2 protein chains.
Amino acid sequence: MAGIESLRGFRTLEAAERERIAAATREVRATAGQVLFSAGQDSDAVWAVKEGLVHMIKHGPGGRDVVLEIVPPGDLFGAVVALNGRPYPASAVVAEPSVVWKMPATLARELCQKHPTLRAAILEHVSTRLHSAHERLCSIALEHVDQRLARQLLVLSEKIGRRENGTTLLHVTRQELADMIGTTVETTIRIASRWQQSGLIRSARNEIALVDVEGLERIAKGEA
Amino acid sequence: MAGIESLRGFRTLEAAERERIAAATREVRATAGQVLFSAGQDSDAVWAVKEGLVHMIKHGPGGRDVVLEIVPPGDLFGAVVALNGRPYPASAVVAEPSVVWKMPATLARELCQKHPTLRAAILEHVSTRLHSAHERLCSIALEHVDQRLARQLLVLSEKIGRRENGTTLLHVTRQELADMIGTTVETTIRIASRWQQSGLIRSARNEIALVDVEGLERIAKGEA
DNA sequence: GGCTTTATATGACTCGCATCATACACACAG
DNA sequence: CTGTGTGTATGATGCGAGTCATATAAAGCC
């Protein structure tokens, strides 16, 4: 299982230690939509994304969901709760065909005891996520939907955007966007349509291309 | 400076070490409304609440604020950013007459290097806050204002409520409540008035007493 | 190929809540 | 005691965005 050193915090471990981890870790190939674990389940493992993309999702009433985290390749997920032995607080749903790793929680706990740098890396990572959660709280509490959508598109372009002939391409559905910014599909589609017509974005099925990034930044700042 | 052992994660340190910390730590007495540090400032210190209450606040346009964290006695604040040497992401505002401690960031960094248990305690704490941030995100994204308010009152009763002849008393203004759940003062006041009339709460200036906790729980769950 | 499913699109209607305005009670300072 | 500020209260009004309905096009599937 090559590539464990690419995981956040695992780079500084010795090769022998990484071998041992690899031996205990299971590689799982998953298709879009697949649920790796559900909210409320006992956490027996720490997970990581090798390739692809995983969403941490909380299901609400009336079929409305909230995307709590977007987990890109190289990041752990379900880690903190597994270390503390608590049940998973949200569900992990595969957003595109992915390869994920599943490592026994007991091993992860042992590693954290033995390698302070690993725990430090996890702390750093969790802190960053707390910070971004705070920003999302501000965004949803203070800003209008179009501001939030513009902001989210810009965030996604940094996180999962692929450059393609001058524009940034995002692999994401309107439904997912809606669940990220706390609104409905219809509203997201309406705004996207409008922006498509005014040339801010170019959109297709499962895809949005950011054309006028500065225009989106203006909207995100509330200047439009 | 007595009481350092009451701080989250500092209990397991030896007495001599705590002496050293106390010697470098400054005790600050602050009145309600006082700003301990502002968003964007360089973080040169790790803070802790000895007595009283501190809010972490993000200021938005149009005078609307968001309360990101409510820091009760015994909790650190500004810790994670100070450890990483980043500027404070939000402002710390004293919510009621308080005594806070201010410890040099360099010392805090050294302590984290030396005492893995301290770092572990901070990780645990940050994880809890991330989890509660996620719950707030769901709440604000999916629920109506009255649900959010009921939920927030129940959360506050656990966190800062004082038992008083059968009811739980909260020291909080409508403005603060509004900033916690992402709405306006007027809306918060309206709902509080209604609930006061229907006997769910009993309210006064700077104060709300939870009378019918089960009724509030029903509202929080969306059953009303 | 034709059928079902999924994602996008758009209109009509409703309503929760923000906004603006005004009023009142109480705390505190001088 | 009297002014001034701060927190609470309540009404009128308007808009943003949710809800419901329907349509269309592309993707997948036998």
Side-chain angles (χ1 to χ4, degrees), chain A residues 31-34 60-66 93 95-97 139-150 152-153 170-198 201-209 219 222 224, chain B residues 31-34 60-66 93 95-97 139-150 152-153 170-198 201-209 219 222 224:
Chain A
T31 60
Q34 196 170 327
R64 282 189 60 182
D65 294 345
V66 179
V93 180
E96 58 183 60
S139 177
I140 201 170
L142 299 174
E143 300 174 348
H144 288 191
V145 175
D146 52 354
Q147 279 181 268
R148 307 209 298 269
L149 182 56
Q152 186 64 29
L153 288 177
L170 298 179
H171 232 70
V172 67
T173 68
R174 315 289 141 103
Q175 181 68 65
E176 289 169 329
L177 282 171
D179 294 345
M180 291 173 191
I181 62 175
T183 184
T184 58
V185 212
E186 294 96 324
T187 300
T188 306
I189 288 175
R190 265 180 247 274
I191 298 174
S193 286
R194 223 171 55 217
W195 288 353
Q196 157 114 298
Q197 270 151 33
S198 60
I201 63 174
R202 217 194 54 238
S203 79
R205 190 190 178 88
N206 293 331
E207 224 175 59
I208 289 187
I219 294 175
Chain B
T31 60
Q34 196 170 325
R64 282 189 61 182
D65 294 345
V66 179
V93 179
E96 58 184 59
S139 176
I140 200 170
L142 299 174
E143 300 173 347
H144 288 192
V145 176
D146 51 355
Q147 279 182 268
R148 307 209 298 268
L149 182 56
Q152 185 65 28
L153 288 178
L170 298 178
H171 231 69
V172 66
T173 68
R174 316 289 141 103
Q175 180 68 65
E176 288 169 328
L177 282 172
D179 294 345
M180 291 172 191
I181 62 175
T183 185
T184 58
V185 213
E186 294 95 325
T187 300
T188 307
I189 289 175
R190 266 180 246 273
I191 298 175
S193 286
R194 223 171 54 216
W195 287 354
Q196 157 113 300
Q197 270 152 32
S198 59
I201 62 174
R202 218 192 53 237
S203 80
R205 190 190 178 89
N206 292 331
E207 223 175 60
I208 289 186
I219 294 175

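As the structure is a computational prediction, the values presented were derived from the model and not from experiment. Computed from heavy atoms alone, side chains included, the values below leave out hydrogens, waters and symmetry copies. Letters go in sequence order (proteins before strands), and every chain restarts at 1.
Contact between B/Thr187 and B/Val145 at its shortest, heavy atoms only, is CG2-CG1, 3.8 Å. B/Gly33 and B/Val93 get closest at one heavy-atom pair: O-CG1, 3.9 Å. Across A/Ile219 and A/Asp146, no two heavy atoms sit closer than the pair CG2-O, 3.7 Å. The two atoms that bring A/Arg174 and A/Ala192 nearest to each other are NH1-CB, 3.8 Å, heavy atoms only. A/Gly182 approaches B/Ala141 most closely through the heavy-atom pair CA-CB, 3.9 Å.
Considering only the side chain of B/Asn206, D/dG7 comes nearest among C/dA9, D/dG7, C/dA7. Minimum atom distance to the side chain of A/Glu186 is reached by D/dC20, of the listed C/dC26, C/dT8, D/dC20. Nearest nucleotide to the side chain of B/Arg205, out of D/dT10, C/dA9, C/dA27: C/dA27. Listed candidates were D/dT19, C/dA21, C/dA9. Nearest to the side chain of A/Arg64 is D/dT19.
For B/Arg148 (side chain) and B/Glu143 (main-chain N/O), a donor-acceptor pair under 3.5 Å exists by modelled atom type.
Here the P atom of nucleotide C/dA23 and the CD1 atom of B/Ile189 are 17 Å apart, to the nearest Å. In this structure, B/Glu207 places its CD atom 14 Å from P of C/dC26, rounding to the nearest Å. Between the CG atom of A/Leu142 and the P atom of C/dA18 there is a distance of 11 Å, given to the nearest Å. Here C/dA18 presents its P atom at 12 Å from CD of B/Gln175, a figure rounded to the nearest Å. One atom, CG of A/Leu177, and another, C1' of C/dA7, lie 13 Å apart when rounded to the nearest Å. As a whole-Å value, the separation of A/Ile208 CD1 from C/dA9 C1' is 13 Å. The distance between atom CD1 of A/Ile181 and atom C1' of D/dA17, rounded to the nearest whole Å, is 11 Å. Straight-line distance from the CH2 atom of A/Trp195 to the P atom of C/dT10: 16 Å, rounded to whole Å.
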*Sugar-phosphate atoms are those with a prime plus P, OP1 and OP2; base atoms are the rest. Using that split, label each nucleotide of nucleotides 12-17 of chain C B, S or - for protein heavy atoms under 4.0 Å, 5' to 3'.*
B----S
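The shortest distance between the side-chain N/O atoms of B/Thr173 and the OP1/OP2 oxygens of D/dG7 is not below 4.0 Å.
The shortest side-chain heavy-atom distance between B/Thr183 and B/Leu177 does not fall under the 4.5 Å cut-off.
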